[in-house]
Amino acid sequence: MKRYVPQKIEKKWQKYWEENNFYQAKDFSKKKKFYILVEFPYPSAQGLHVGHCRSYSAMDAIARKKRMEGYNVLFPIGWDAFGLPTENYALRTGIHPEIATKKNIANFKRQLKSLGLSFDWSREINTSDPKYYKWTQWIFLKLFEKGLAYQAEIPINFCPKCKIGLAQEEVIDGKHERCGEEVVLKKLKQWMLKITAYAERLIKDLKDLDYLEKIKTQQINWIGKSEGTEVTFKIENLDFEIKVFTTRVDTIFGVTALVLAPEHPLVEKLVKENGILKEGKIKVENWLEVKEYLKKSVRKSEFERTKLEKERTGIPLKGIFAINPINQEKLPVWVADYVIGTYGGGAVMVVPAHDKRDFDFAKRYQLEIREVVVPKEKNSPLSQPFVEDGVLINSGEFSGLTSKEAREKITRWLKEKGLGKKTVQYKLRDWVFSRQHYWGEPIPLVFCERCAKKIKEKMKEGKIKELEKEYQLGEILNPGWIALSEKDLPLKLPYLEKYQPTGTGESPLAQIEEWVNTKCPKCKGPAKRETDTMPNWAGSNWYFIGYLIKKRKEKNYEYWWDKKKISYWMPVDWYNGGMEHTTLHLLYSRFIYKFLYDIGAVPHPEPYKKRTAHGIVLGEDGRKMSKSFGNVINPDEIIKQYGADTLRVYEMFMGPFDQAISWSSQGVKGVFRFLERIWRLVIRFKEQSGKKVKNLEVESLVQQTIKKVDEDLEKCKFNTAISALMILVNRLEKEKNIQKRHLETLIKLLAPFAPHLAEQLWQELGHKNSVHLQKWPKYNLKLILKETFTLVVQVNGKVRDTIEASINISEEEAKELALRSPKIQKWLEKKKIKKIIFVRNKLINFVVE
RNA sequence: GCCGAGGUGGCGGAAUGGCAGACGCGCGAGGCUUAGGACCUCGUGGGAAAUUCCCUUGUGGGUUCAAAUCCCACCCUCGGCACCA
């Protein structure tokens with residue numbers, strides 16, 4: 001073939017590789033295993049995004065290289081198929097989610113295959129496949145059994161017009177994005193998972209993992225561990241305590257108010273009793289205003305509530321006072337929605353002199369500002385709060401102590417009085433695991449009135465031991481909720497003609513009476529099924545295990561929790577994904593894996609050894625690709641025009657892998673030209689007839705290229721690896737007669753990036769076997785080292801000359817050489833040399849006055 | 001607001017304490033061609049008294065023989081913020 005026509009070769013090789021099972025990973029092979037994982041796609045109606053192509057191509061290059069290095073590589077793929085977008089798409093188009101999902105998967109699969117990615121398709125999974133989600137449900141049952149799943153009342157966004165629960169993202173400016181109706185919060189009972197029980201381990205175990213540093217930092221900050229003191233403030237004339245968490249108990253003498261979140265138990269108590277407590281002995285004088293304020297804040301999301309300082313508002317509970325435990329001082333109590341109910345007990349002590357937010361709040365509402373900590377040396381003016389540690393003043397017996405000492409002593413003092421203790425707080429919150437949607441895994445629980453009654457009674461009688469014999473921990477903690485037995489899994493999602501909202505905020509499943517009404521597995525009495533479904537995270541929590549335990553039986557398959565296989569393949573050696581998943585999916589799946597480890601279902605405490613991240617691909621205009629901007633690039637069209645290899649190489653060459661980057665149509669052309677030039681190089685070689693001359697310089701460059709490509713691939717520096725290949729090609733083009741072994745090395749190095757082209761050229765060179773079965777080239781350090789180097793000569797740090805010098809020369813020799821240069825002589829004229837800096841094989845710098 | 005990342009030619013970027021601008025795109029000149037495209041060769045940060053010198057890595061300051069790189073302050077852009085995946 002004279003010309004490079006990718007369309008003519010790519011399909012051919014894809015078929016060849018598939019028919020010969022090139023990329024099937026072998027369980028229990030004697031070769032060293034290497035498990036490469038990419039985040040499996042959500043099969044949306046839009047089709048594959050060029051962003052998928054970028055990260056998959058890059059990790060495919062790693063997989064191909066590892067295979068050439070002799071590893072037993074597992075590089076699987078599947079579909080994260082449950083989720084809200086498909087359900088919304090179905091509502092819009094009338095196409096059932098199951099059908100839409102099937103169609104979308106077929107399209108995604110065709111697109112991925114056309115890229116020539118070396119996935120092991122025999123292990124393909126689909127989270128909406130009942131055989132798969134049987135195990136998703138099984139994991140939930142285990143969590144329930146161990147008491148890590150519990151019910152709690154949580155407010156959800158609700159559209160009163162559409163009568164449907166909404167996801168955060170469907171709410172825009174407090175309104176439902178589809179109908180524009182004002183969204184309200186509705187409290188519903190939701191299943192929660194106790195991820196907070198694992199907070200400490202999720203931080204601690206990061207230490208030994210090879211994650212990008214920024215990923216570790218983000219996870220640690222997300223978990224948000226802080227050590228401090230819990231201080232108990234009593235309410236005057238009322239048997240009620242407010243527990244406040246603070247990391248700065250040393251500033252306790254500077255407290256001038258308490259501020260409660262609108263969700264705080266005291267506020268809720270007041271709401272219930274309409275602002276009047278103890279039969280009128282305590283009364284909130286401005287109750288009407290407070291009620292109005294609470295109403296408003298209920299509409300705001302947490303994000304809005306903490307966003308803008310200027311909008312930070314509050315309202316006093318007039319007539320209610322708290323007592324500062326340290327000095328019995330009476331403090332006003334406020335409600336403010338910048339205080340978050342879910343963190344630190346939903347209450348803060350206001351110390352305006354030593355906290356920025358408190359300072360602003362105090363200024364706004366004319367609260368007292370009392371200075372109790374001063375810097376060790378100078379005095380601070382009070383235009384700004386002093387937020388650092390210092391020395392205590394105006395603090396009774398604690399005055400004169402440093403902040404650090406004071407925190408210890410005050411905490412001890414409080415503890416002795418029973419008014420406080422040392423505690424640890426996490427920002428991490430338990431995970432809301434219920435969704436009022438159709439397109440998700442059904443939660444395998446039923447509610448049984450009879451069992452509920454029985455459990456509650458026995459609890460009252462204190463017969464816990466008896467209960468424990470009959471019921472699981474989850475069943476005791478959530479009286480009435482009974483787990484399905486394992487043998488009844490999967491609990492299949494019933495096919496529903498109308499998955500439209502029910503009008504009550506419940507899941508559409510609640511409509512199917514014959515499905516909802518069932519028998520209690522424990523007492524065989526009447527029971528009702530849970531109608532909420534799981535969030536789409538449920539299926540992606542453990543999907544990397546799903547690939548391992550898919551078991552083929554002739555034409556059929558099933559999943560079987562095979563610990564031997566899991567032990568062979570786990571942990572994942574290299575997991576790549578988007579930065580946007582760092583705090584949710586990545587943390588959730590680590591939690592679930594740790595839980596599975598605790599119950600003995602998996603052999604290690606951490607699922608992923610190494611985690612890297614890719615940046616997103618933006619449109620040519622620098623904005624996110626989106627239909628509404630009209631800047632979406634369809635990979636199908638690029639493949640049609642230039643071929644898959646060009647698309648792959650371009651996306652790896654376009655910029656640093658971990659950064660967001662704009663698409664460039666011109667850049668694609670450039671890469672195509674590069675591949676064409678390699679093609680022509682091989683064709684030219686086949687026609688050349690002259691005598692081959694050994695060229696040490698080319699030899700060295702080939703070796704350098706091997707080193708560069710090898711090392712850059714390990715560091716995800718795909719762009720510079722490709723640029724190294726370009727430099728080699730540029731050089732080889734200048735050779736009159738190219739050596740075959742140089743070309744062979746080039747093609748082997750190219751194989752991970754442009755697998756089809758490399759395969760074709762390998763055959764063109766007369767080989768019968770595949771380039772992908774060759775050994776990865778090794779470089780020879782001796783051949784890289786050259787005899788000379790460019791000595792940079794500086795005067796006062798500025799480059800004034802460069803001299804070719806032999807390698808490893810001494811400072812004396814370099815000095816002599818440099819002083820011989822007329823340029824340098826000119827710069828040193830009439831100047832006294834004060835100092836000489838010499839860096840071996842690099843530079844010499846003359847420092848003159 | 002909180003947490004994280006980033007800012008270098010006309011553009012994507014390279015260089016992580018030692019020659020700023022590798023490699024690619026674009027552009028310019030020339031070659032080939034009836035012509036265009038493709039291809040090949042050379043050039044391409046800015047300024048000037050142009051073989052030489054000065055300036056230049058968001059802005060201002062600092063450390064160092066030497067700073068895009070380290071430190072401090074500020075400005076701008078992007079990602080995440082828990083029911084999108």
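Lettering of chains follows the sequences in order, A, B, ..., and the numbering in each one begins at 1. None of the values given here were measured: they were computed from a predicted structure.
When the ring-ring contact (aromatic ring centres under 6.0 Å, His included) test is applied to A:W663, the partners found at least two apart in sequence or on another chain are A:Y650. Partners of A:V839 according to the side-chain contact (heavy atoms from CB on, under 4.5 Å) rule, which considers only residues two or more places apart in sequence or in another chain, are A:K842, A:L843. Legend: residues meeting ring-ring contact (aromatic ring centres under 6.0 Å, His included) with A:H437, ordered by chain and number and at least two apart, are absent. Here A:F82 pairs with A:Y133, A:W439 under the ring-ring contact (aromatic ring centres under 6.0 Å, His included) rule; sequence neighbours left out. In this view, A:Y132 and A:W542, A:Y559 satisfy the ring-ring contact (aromatic ring centres under 6.0 Å, His included) rule, not counting sequence neighbours.
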At a cut-off of 3.5 Å, list every protein nitrogen or oxygen paired with a nitrogen or oxygen from nucleotides 6-14 of chain B, distance to 0.1 Å.
| from | atom 1 | to | atom 2 | distance (Å) |
| --- | --- | --- | --- | --- |
| B:G12 | O2' | A:M654 | O | 2.5 |
| B:A14 | OP1 | A:N719 | ND2 | 2.9 |

Could you run down the sub-3.5 Å N/O contacts of the protein with nucleotides 42-48 of chain B?
none

Distances under 3.5 Å only, N/O to N/O: pair up the protein atoms with those of nucleotides 65-72 of chain B.
| from | atom 1 | to | atom 2 | distance (Å) |
| --- | --- | --- | --- | --- |
| B:C65 | O2 | A:N845 | ND2 | 2.4 |

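Among the nucleotides B:C83, B:C19, B:C54, the one closest to any side-chain atom of A:T802 is B:C19.
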With a 3.5 Å cut-off and sequence neighbours excluded, list the donor-acceptor pairs that the side chains of residues 578-590 of chain A form with protein atoms.
| from | atom 1 | to | atom 2 | distance (Å) |
| --- | --- | --- | --- | --- |
| A:H581 | ND1 | A:E39 | OE1 | 3.0 |
| A:H581 | ND1 | A:E39 | OE2 | 3.3 |
| A:T582 | OG1 | A:M579 | O | 2.7 |
| A:H585 | NE2 | A:Y575 | OH | 2.7 |
| A:S589 | OG | A:H585 | O | 2.9 |
| A:S589 | OG | A:L586 | O | 3.3 |
| A:S589 | OG | A:Y608 | OH | 2.7 |
| A:R590 | NE | A:E606 | OE1 | 3.0 |
| A:R590 | NE | A:E606 | OE2 | 3.4 |
| A:R590 | NH1 | A:L202 | O | 3.2 |
| A:R590 | NH1 | A:Q219 | OE1 | 2.7 |
| A:R590 | NH2 | A:L202 | O | 2.9 |
| A:R590 | NH2 | A:E606 | OE2 | 2.8 |

Tabulate below the donor-acceptor pairs under 3.5 Å that side-chain atoms of residues 669-679 of chain A make, not counting sequence neighbours, or state none.
| from | atom 1 | to | atom 2 | distance (Å) |
| --- | --- | --- | --- | --- |
| A:R677 | NE | A:E733 | OE2 | 2.9 |
| A:R677 | NH2 | A:N730 | OD1 | 2.2 |
| A:W679 | NE1 | A:K2 | O | 3.1 |

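Using a 4.0 Å cut-off, some side-chain N or O of A:W827 falls inside it from OP1 or OP2 of B:C53. Residue A:R680 places at least one side-chain N or O under 4.0 Å from the OP1 or OP2 atom of B:C40.
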Practice prompt. Starting at the 5' end of RNA chain B, write a dot or bracket for each base, bracketing those in Watson-Crick or G-U wobble pairs whose two distances are under 3.5 Å and using | for partners on another strand.
Written response: (((((((..(((.....[....)))((((((.......))))))((((...))))..(((((..]....))))))))))))....
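Within the structure, side chain to side chain donor-acceptor pair (under 3.5 Å) contacts touching residues 615-624 of chain A (residues at least two apart or in different chains) are A:E620-A:S665, A:D621-A:R623, A:D621-A:N631.
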